[in-house]
Amino acid sequence: MIPDKKNLIETNLRIQKHIHRTPVLTSNSINNLVGAQLYFKCENFQKMGAFKMRGAINSILQLSDEEKKMGVTTHSSGNFAQAVALSSKILNVKANIIMPNNAPKVKKKAVVGYGAKVIDCESTLKARESTALNFVNKTGATFLHPYNCYKVISGNSTATIELIEQVNELDAIFAPIGGGGLISGTALASNYFSKVKTFGAEPIGADDAFRSFKSGKLVPMINPKTIADGLRTSLGDKCFPIIKKYVNDIFTVEEQEIINALRLVWERMKIIIEPSCAVPLAAIIKNKHLFQKKHIGIIITGGNVDLKTLPF
């Protein structure tokens, strides 16, 4: 069942002591460029460096004692892997993480650093899912889905709950879309706690949510190609109904537009963000005529970057 307002309030209270209330930053130079007031909710300063901590800790906190004894597992290209690893360490639960063999090395290293074990697999969704299923059947561990899970969605919503509390004059909030867990939580929180519009952004090379949103039916991701490695996953079937009901629109951007926005934030704001984080800003710059003089929140999703792979 789609989380209701009471669920989101309870989630926010449940996880507070385990996460950071991340800051909101602004940039006059970027505001002048787009002709709007932008408010960056900096989840790159979250524990383990990404918003994924919120959904992971919320999920593990709700396991039974017996389930905690059996441990947890997930499949992830990086940030959810780190989130589960750190959350498990905090709550004294063993974790085994299935990661695609092309996941950023910095993320794999961090997972091991948090005390979890990494199990490599091929970089297809089918390979991730089959490896995870085999591990669950073999060990009895609880599988935690990175995005297609209501407990994860509820956890993710808390970033927007905080943002609405921190900036009370917002007209809209933007979030990138990969599997849909963040945009779903963002849209629910925006709907329950404000009248703020919710917009999503995707790379053209990984635009299954855009195509699904426009067609009204779930379109699978096939061979995604984008620098935004966190957005290469297929849209979840639990996320899509939320997106259809509560998201106002979804925008797409080219790879060079992502790179330009990424560099802009690094140079002007002096903060480290992942390519996925730059997608919403790229969408706003591309469509700035639609947002003149508006107050817009952007969820900066994470800052776990492999510096050797930067495009500039």
Side-chain angles (χ1 to χ4, degrees), residues 18-20 22 42-57 59-60 71-125 127-129 131-132 134-135 139 141-147 152 155-156 176 178-179 181-182 206 224 226-233 258-259 262-263 265-266 270-279 299-312:
H18 299 290
I19 63 167
H20 295 319
T22 52
C42 291
E43 287 294 288
N44 51 327
F45 296 134
Q46 186 55 261
K47 290 183 179 179
M48 53 68 52
F51 78 94
K52 295 280 191 178
M53 185 70 187
R54 297 173 182 270
I57 198 79
S59 298
I60 298 175
V72 296
T73 188
T74 190
H75 60 71
S76 169
S77 62
N79 281 337
F80 194 71
Q82 291 182 64
V84 170
L86 180 55
S87 297
S88 298
K89 180 178 181 180
I90 291 171
L91 300 175
N92 196 29
V93 176
K94 61 184 177 182
N96 286 267
I97 313 297
I98 290 93
M99 300 188 74
N101 49 27
N102 64 348
K105 290 181 180 180
V106 65
K107 296 182 180 180
K108 283 190 176 184
K109 185 176 180 181
V111 168
V112 174
Y114 290 135
K117 181 180 178 181
V118 171
I119 301 171
D120 286 312
C121 72
E122 294 299 315
S123 60
T124 65
L125 180 61
R128 293 189 195 192
E129 291 178 341
T131 304
N134 289 338
F135 184 81
T139 66
T142 296
F143 176 72
L144 305 177
H145 200 284
Y147 53 87
V152 169
N156 294 344
L182 176 62
T226 178
I227 189 176
D229 60 281
L231 307 184
R232 295 173 187 156
T233 47
I258 298 171
I259 293 169
L262 179 69
R263 182 165 188 158
V265 171
W266 278 59
K270 322 302 182 189
I271 58 174
I272 294 175
I273 68 167
E274 301 174 26
S276 300
C277 306
V279 174
I299 308 295
I300 295 292
T301 51
N304 296 315
V305 179
D306 187 343
L307 298 177
K308 295 179 181 178
T309 64
L310 284 175
F312 47 76

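Heavy atoms only: backbone and side chains are in, while hydrogens, waters and symmetry mates are out. By convention here, the first residue in the shown sequence is residue 1.
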Considering all heavy atoms, the nearest [X]-[Y] contact:
| X | Y | answer |
| --- | --- | --- |
| I258 | A278 | O-CB, 3.6 Å |
| G49 | E274 | O-OE2, 4.5 Å |
| C42 | T22 | O-CB, 3.3 Å |
| S123 | P100 | CA-CB, 3.7 Å |
| I97 | A81 | CG2-CB, 3.3 Å |
| Y114 | K89 | O-CD, 3.3 Å |

[X] (side chain) donor-acceptor with [Y] (main chain) under 3.5 angstrom:
| X | Y | answer |
| --- | --- | --- |
| S88 | K94 | no |
| W266 | I272 | no |
| K108 | M99 | no |
| N156 | G181 | yes |
| Q46 | H20 | yes |
| R232 | T226 | yes |
| E43 | I300 | no |
| N79 | G302 | no |
| T73 | N96 | yes |

4.5 Å side-chain heavy-atom contact, [X] and [Y]:
| X | Y | result |
| --- | --- | --- |
| F45 | I271 | yes |
| F80 | H75 | no |
| P176 | T301 | yes |
| L262 | P311 | yes |

Practice prompt. May I have the step-by-step check of side-chain contact (heavy atoms from CB on, under 4.5 Å) for I57 and L86, ending in yes or no?
Written response: CA-CA 9 Å; I57 198 79; L86 180 55; over 6 Å; no
Worksheet item: Please walk me through it: do I90 and H18 pass side-chain contact (heavy atoms from CB on, under 4.5 Å)?
Response: CA-CA 8 Å; I90 291 171; H18 299 290; 4.0 Å; yes
Say you draw a straight line from [atom1] of [X] to [atom2] of [Y]; how long is it, rounded to the nearest 0.5 Å?
| X | Y | atom1 | atom2 | result |
| --- | --- | --- | --- | --- |
| C121 | F135 | SG | CZ | 13.0 Å |
| K109 | N304 | NZ | CG | 13.0 Å |
| S76 | Q82 | OG | CD | 8.0 Å |
| L182 | F51 | CG | CZ | 4.5 Å |

Practice prompt. Could you go through the side-chain contact (heavy atoms from CB on, under 4.5 Å) check for V152 and L144 one step at a time?
Written response: CA-CA 9 Å; V152 169; L144 305 177; 6.0 Å; no
Discussion item. Using a 6.0 Å cut-off, check whether atom CG of N92 has over 12 heavy atoms from anything other than its own residue.
Written reply: no
Discussion item. Apply side-chain contact (heavy atoms from CB on, under 4.5 Å) to residues T74 and I98 and explain how you reach the verdict.
Written reply: CA-CA 6 Å; T74 190; I98 290 93; over 6 Å; no
